[in-house]
Amino acid sequence: MEHRLISLNCCLNHLIIKNLRSLLNERLTFDQAKQIHAFILINGLNHIEPLLVRQIVLSTRIFSTSIARFVKQILYHSRKPDAFSWSCAIRFLSQHGQFKEAFFLYVQQQRLGLYPSSFTFSSALKACAWSVFKMGGLSIHAQVDKYGFCGCVYVQTALVDLYSKLGDMNTAQKVFDKMVEKNVVSWNSILSGHLKSGNIIEARRVFDHMPKKDVISWNSILSGYAKMGNIDEAFSLFQRMPERNFASWNALISGYVDSGNIESARSLFDVMSQKNSISWITMIAGYSKWGDVASARELFDQLGEKDLLTFNAMIACYAQNSQPNEALQLFNEMLEADVKFQPDNFTFASVISACSQIGDIRSGSWIETYMEKFGIEMNDHLATALIDLYAKCGDINKAYDLFDGLRKKDLVAYTAMIFGCGINGRAVDAIKLFEEMVDNQIYPSLATFTGLLTAFNHAGLVEEGYRCFSSMKDHGLVPSNDHYGIMVDLLGRAGRLEEAYKLIKNMPMHPNVGVWGALLLASSLHNNVEFGEIAAQYCFKLEPDTIAYKSLLANIYASVGRWDDSRRLRKIIKGKNSTKIPGCSWTEVT
DNA sequence: ATAGGGTTAG
C-alpha cells in the first residue's frame with residue numbers, strides 16, 4: 001500500500017513538472033507568472049524558478065517596475081541561487097533601461113559567488129555602456145579578463161561598445177584590434193564609436209573596410225553625414241544602400257530638418273509608403289524647430305493613432321513656441337483621451353516650461369503632486385525646468401536646492417539659476433554663478449546674458465549692467481532685441497532717457513516692440529512727453545491692437561496736463577473691445 | 001542577445 005502511494009506521488013509530481021515546463025514555453029501574463037510562482041513555492045518546486053524567470057523576461061513587452069520587483073524577489077528568496085536566472089534578470093533590467101539596477105544585480109551575483117557567463121558580462125556591460133558608468137564598466141572589464149572571457153565575441157563586442165559609448169576610442173580600438181573573430185555587430189560598434197566622437201573620416205574608413213555591411217552600418221554612416229550637415233553625401237548613401245528601413249528614411253528626414261530644408265524633409269516624408277511613429281515625430285519636431293506651429297498641428301491632427309511620443313512632440317512644440325496655454329490644453333486632452341497615456345519625463349519637461357511661461361504661482365505644487373501621481377523620477381532636465389518655475393514663483397530657495405542637487409550643471413542649468421537670481425533681485429548671487437560657470441569652462445549664451453542683465457536691471461545697477469552688456473562681444477555674442485530691451489529699461493528707469501534713445505538709434509537691427517515698449521514705460525515713469533511720443537508711435541505701428549501702449553501715452557499726457565490729447569487716446573481705447581484670450585486653467589485638472 | 005532613426009529643460 002505504502003509503496004503504491006509513493007509511486008503514485010512520484011507519478012503525479014512528474015506530471016506536474018512536465019505540465020509546468022510546457023506551460024513555461026508559452027507567453028505569460030504578469031498575473032499568470034505570479035500564480036505559477038505561488039504554485040512553485042507551495043509545492044517546493046524551486047528548481048523550476050529559473051525557467052519561470054526566463055519566461056517572464058521573454059514575455060514582457062511592456063516593462064513595469066512591479067515586474068522588475070517580482071523578478072528580484074524571486075532571485076533574492078531563492079533557496080538555490082543559480083547563475084542562469086541572475087543573468088536573465090540582469091539582461092532584463094538592462095534591456096529596459098534599468099541600468100543602475102542591472103549593475104547592482106551583477107554585483108550581487110558576484111558576491112553570491114555565482115559563476116558568470118558571457119551572457120552575464122555582455123548584459124552588465126550594456127548597462128554600463130548605456131548609463132555611461134565608467135567605473136562599473138572598467139571593473140567588469142577586469143572581471144572579464146579574470147574569468148577568461150576575453151576571447152568571447154559577444155563579450156568583446158560589448159566591450160568595444162562600452163568604450164565607444166564612453167568616448168574612449170583608443171581603448172575601443174585596442175579591444176577591437178585584439179579580436180580574432182569579428183562579426184557585423186563588432187564592426188558596427190566601432191563604427192558608431194567613431195561617429196559619436198565626431199571622427200567622420202575614421203568612420204568612413206571603417207565603413208569602407210567592413211567585410212560585411214548590414215542596414216545598420218548603412219544607417220549609422222548615413223546619419224553621421226546628416227548630423228554633420230553633409231546632407232548631399234547622406235542622400236547619396238541613401239540612394240546607394242541595398243536595403244532601407246524606417247530608420248534610414250527617418251535619419252535622412254532628420255538631416256533635412258536640421259539643415260533647415262523643411263520642404264525636402266516633407267517631400268521625403270510624403271513619399272514614404274509606410275511611416276512609423278518616429279517619422280511623424282521627426283516631422284512635427286522639425287516644424288516646431290522652425291516655428292511653424294500650424295503645420296506641426298496639421299500633421300498631428302492627420303495622425304490617426306497617436307501615441308505618447310507624438311503627444312510629447314506636439315506639447316513640446318507649443319511650449320517651445322510660446323503657446324503655453326495650448327501646451328497645457330493638449331496635455332489635458334492627452335490625459336482625457338479614449339486611450340489614456342501615462343505622461344513621462346518628456347511630457348513634464350514641456351508642461352513645466354509651459355507653467356513657467358504662464359507664471360502661475362500655484363503651478364509649482366500642482367506639478368509636484370502630478371509628478372508624484374505618475375511616478376515621475378526627477379532628472380537634470382526636469383530639475384532645470386523646475387528651477388525656472390520656482391524662481392518665477394519667487395521660491396528662490398527651492399530653486400537653489402534643485403540646482404545644488406543637479407548631477408551635472410550645464411549651460412542651461414546655470415542660465416536658469418542666473419535668471420532666477422535676476423528676477424528675484426539677487427544680483428550678487430547671479431554674478432557669483434556666472435563666474436563659477438565660466439571657471440567651469442561653460443561658455444555663456446545669449447540667454448545667460450539675458451539673465452545677468454535682468455539681475456542688474458532688478459537691482460538698478462546701471463553701470464554694472466552697461467559693463468556687462470558691453471562685455472558680450474568678448475564672448476563672441478551679438479546682443480539681441482531682448483538684451484537691448486533690458487538695457488533700455490535699465491537706463492530708462494534711472495531717468496537716462498536720452499541715453500536709452502541713443503542706444504536704440506545705434507542698434508544694428510530693427511528694434512522690436514519690446515525695446516520701444518521699454519522706452520515708453522520709462523517715459524511714463526518720468527512723465528517725459530518727448531521720448532514717450534517717439535516710443536509710442538513705434539509701438540502703435542508694430543502692435544496696433546495692444547491698448548496698453550495707448551494707455552501709457554495717455555497717462556503721460558495727463559501727467560503734464562495735456563488733457564485733450566489724453567482724452568483723445570482714452571476714447572480710442574474705449575472703442576476697442578478688449579480681446580481677452582481664454583486661458584486653460586491648470587488647476588482645473590484633477 | 002549584442003547595433004541604427006525620434007521627442008525634454010534656460
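Note: hydrogens, waters and symmetry copies are ignored here, and every other heavy atom, side chains too, is used.
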What is the minimum heavy-atom distance between I315(A) and S350(A), and which atoms define it? CG2-CB, 3.8 Å
Ring of F403(A), cation from K409(A) - is the NZ or CZ under 6.0 Å from the centre and inside 45° of the axis? yes
From C-beta outward on [X], which listed nucleotide comes closest to its side chain: [options]?
| X | options | result |
| --- | --- | --- |
| I278(A) | dT8(B), dG5(B), dG10(B) | dG5(B) |
| S254(A) | dG10(B), dG6(B), dT7(B) | dG6(B) |
| S350(A) | dG6(B), dG10(B), dT8(B) | dT8(B) |

Rounded distance in Å - CZ (F269(A)) to C1' (dG5(B)): 14 Å
How many whole angstroms separate atom CD1 of I352(A) from atom P of dA9(B)? 10 Å
List in numerical order all residues of [range] for which some heavy atom is under 4.0 Å away from an atom belonging to DNA chain B.
| range | answer |
| --- | --- |
| residues 303-317 of chain A | L309(A), N312(A), A316(A) |
| residues 392-410 of chain A | D410(A) |
| residues 447-455 of chain A | A447(A), T448(A) |

When you check the side-chain N and O atoms of S353(A) and S356(A), is any donor under 3.5 Å from an acceptor?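 On atom types as modelled, these side chains do not qualify, holding no pair under 3.5 Å.
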Is there a donor N/O on one and an acceptor N/O on the other, under 3.5 Å, for the side chain of T415(A) and the base of dG10(B)?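 Pair found.
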